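Computed from a prediction, not measured in an experiment: that's the story for all the values here. Side chains are part of it too, since the values below use all heavy atoms of this structure and drop only hydrogens, waters and symmetry mates.
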Amino acid sequence: MSRVVFKFLSYFAAVFAADQIIKWIFLNGFRYKSEFIDLILVYNKGVAFSMFSFLGENLKYIQLALIAVLLGYLFGQKELLRSHSTAFGLLLGGGCSNILDRFVHGGVVDYIFWHKWFNFAVFNFADMMIDLAIVIILIQSFLYRKK
């Protein structure tokens with residue numbers, strides 16, 4: 001089990017650190033504009049597509065509680081953590097990085113704006129890692145059912 005926890009913590013720390021470093025770069029003035037994508041600084045007060053922004057300051061405490069419950073559940077259900085340690089490391093590393101933004105900056109620091117062919121929401125590296133984690137869990141679950 002210690003290898004599983006090490007693997008989980010490694011992915012968690014890598015995503016958390018990478019996301020905070022990228023955000024630091026944008027917080028210190030980096031910007032880029034092109035035909036396809038703009039790298040800009042935006043503070044998201046809600047979750048995906050600014051949903052639940054009406055919750056204001058309460059949103060960060062709700063998310064913190066949800067992460068604590070998920071962590072407790074994962075360490076209680078060792079088989080779930082064992083089978084999805086990479087995905088949960090990515091998911092919780094990104095989630096905790098975004099929650100830290102809420103406490104430090106008053107909103108999640110987003111910076112990637114895709115606008116070629118359609119306008120998409122502004123997002124960040126942590127959001128991509130959360131999405132990747134969900135895809136990994138779905139694929140692993142599908143493959144596990146096949147066996």
Side-chain angles (χ1 to χ4, degrees), residues 3-77 80-144:
R3 275 191 179 179
V4 171
V5 172
F6 179 76
K7 184 177 176 183
F8 165 79
L9 290 175
S10 296
Y11 279 99
F12 176 95
V15 168
F16 186 90
D19 188 55
Q20 286 298 308
I21 289 168
I22 295 167
K23 289 173 178 175
W24 178 84
I25 292 168
F26 281 90
L27 289 165
N28 283 284
F30 179 79
R31 306 291 184 274
Y32 174 80
K33 291 186 181 265
S34 75
E35 183 181 340
F36 293 92
I37 194 167
D38 289 350
L39 302 177
I40 58 175
L41 178 63
V42 175
Y43 296 95
N44 185 352
K45 305 287 185 185
V47 293
F49 308 104
S50 297
M51 291 186 301
F52 303 114
S53 58
F54 65 88
L55 291 171
E57 288 290 308
N58 296 320
L59 183 58
K60 63 186 173 190
Y61 298 110
I62 293 168
Q63 289 179 314
L64 197 58
L66 289 171
I67 292 233
V69 168
L70 179 58
L71 274 172
Y73 185 77
L74 280 178
F75 284 96
Q77 299 292 324
L80 186 61
L81 181 59
R82 186 176 295 117
S83 62
H84 301 296
S85 59
T86 298
F88 281 118
L90 297 173
L91 182 114
L92 291 168
C96 287
S97 182
N98 281 345
I99 288 174
L100 177 63
D101 290 353
R102 292 187 189 286
F103 281 94
V104 174
H105 305 293
V108 175
V109 176
D110 285 334
Y111 44 82
I112 303 168
F113 176 50
W114 177 270
H115 56 78
K116 182 68 174 185
W117 303 299
F118 60 91
N119 287 337
F120 194 71
V122 183
F123 57 98
N124 61 37
F125 178 74
D127 298 336
M128 291 187 292
M129 293 300 100
I130 292 167
D131 293 342
L132 176 61
I134 299 302
V135 169
I136 291 170
I137 291 169
L138 290 172
I139 290 170
Q140 287 176 329
S141 298
F142 178 74
L143 293 176
Y144 179 74

Could you grab the distance from atom [atom1] of [X] to atom [atom2] of [Y], nearest 0.5 Å is fine?
X    : Y    : atom1 : atom2 : result
L132 : D127 : CG    : CG    : 12.5 Å
M129 : I134 : CE    : CD1   : 12.5 Å
S10  : R3   : OG    : CZ    : 12.0 Å
F125 : N98  : CZ    : CG    : 11.5 Å
D38  : I112 : CG    : CD1   : 11.5 Å

Problem set entry | Closest non-hydrogen atom pair, D110 against N124 |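 D110 and N124 have their closest heavy atoms at OD1-ND2, 2.8 Å.
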
Exercise. What are the two closest heavy atoms between Q140 and H84, and how far apart are they?
Worked result: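 Looks like OE1-ND1, 2.5 Å.
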
Exercise. Would a 4.5 Å heavy-atom cut-off, applied to side chains only, mark F103 and I99 as touching?
Worked result: yes

Exercise. Just wondering, do F113 and V42 contact through their side chains at under 4.5 Å, heavy atoms?
Worked result: no

For this session: Check whether more than 12 heavy atoms from other residues, nucleotides or ligands sit under 6.0 Å from atom OH of Y11, and answer yes or no.
Result: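 Counting other residues, nucleotides and ligands, OH of Y11 stays at 12 neighbours or fewer.
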
Exercise. Has Y73 got more than 12 heavy atoms of other residues, nucleotides or ligands less than 6.0 Å from its OH?
Worked result: no

Exercise. Counting only N and O atoms by type, is there a donor-acceptor contact under 3.5 Å from the side chain of D19 to the main-chain atoms of S97?
Worked result: no

For this session: Examine distances only and state if a side-chain atom of K45 and a backbone atom of G106 form a donor-acceptor pair shorter than 3.5 Å.
Result: yes

Exercise. Given I25 and Y111, is the side-chain contact (heavy atoms from CB on, under 4.5 Å) satisfied, shown in steps?
Worked result: CA-CA 10 Å; I25 292 168; Y111 44 82; over 6 Å; no

Side chains of residues 86-95: which donor-acceptor partners sit under 3.5 Å, not counting sequence neighbours?
| residue | atom | partner | partner atom | Å |
| --- | --- | --- | --- | --- |
| T86 | OG1 | K7 | NZ | 3.4 |

Table please: side-chain donor-acceptor pairs of residues 26-33 below 3.5 Å, with sequence neighbours left out.
| residue | atom | partner | partner atom | Å |
| --- | --- | --- | --- | --- |
| N28 | ND2 | W24 | O | 2.7 |
| R31 | NH1 | F26 | O | 2.8 |

Donor-acceptor list for residues 59-72 side chains, cut-off 3.5 Å, not counting sequence neighbours:
| residue | atom | partner | partner atom | Å |
| --- | --- | --- | --- | --- |
| K60 | NZ | E57 | OE1 | 2.6 |
| Q63 | OE1 | R102 | NE | 2.6 |

For this session: Please work out which of the three classes, parallel, tilted or perpendicular, describes the rings of W114 and F36, given edges at 30° and 60°.
Result: tilted

For this session: Indicate whether the side chain of D101 and that of N44 have a donor and an acceptor atom separated by less than 3.5 Å.
Result: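 Short answer, no.
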
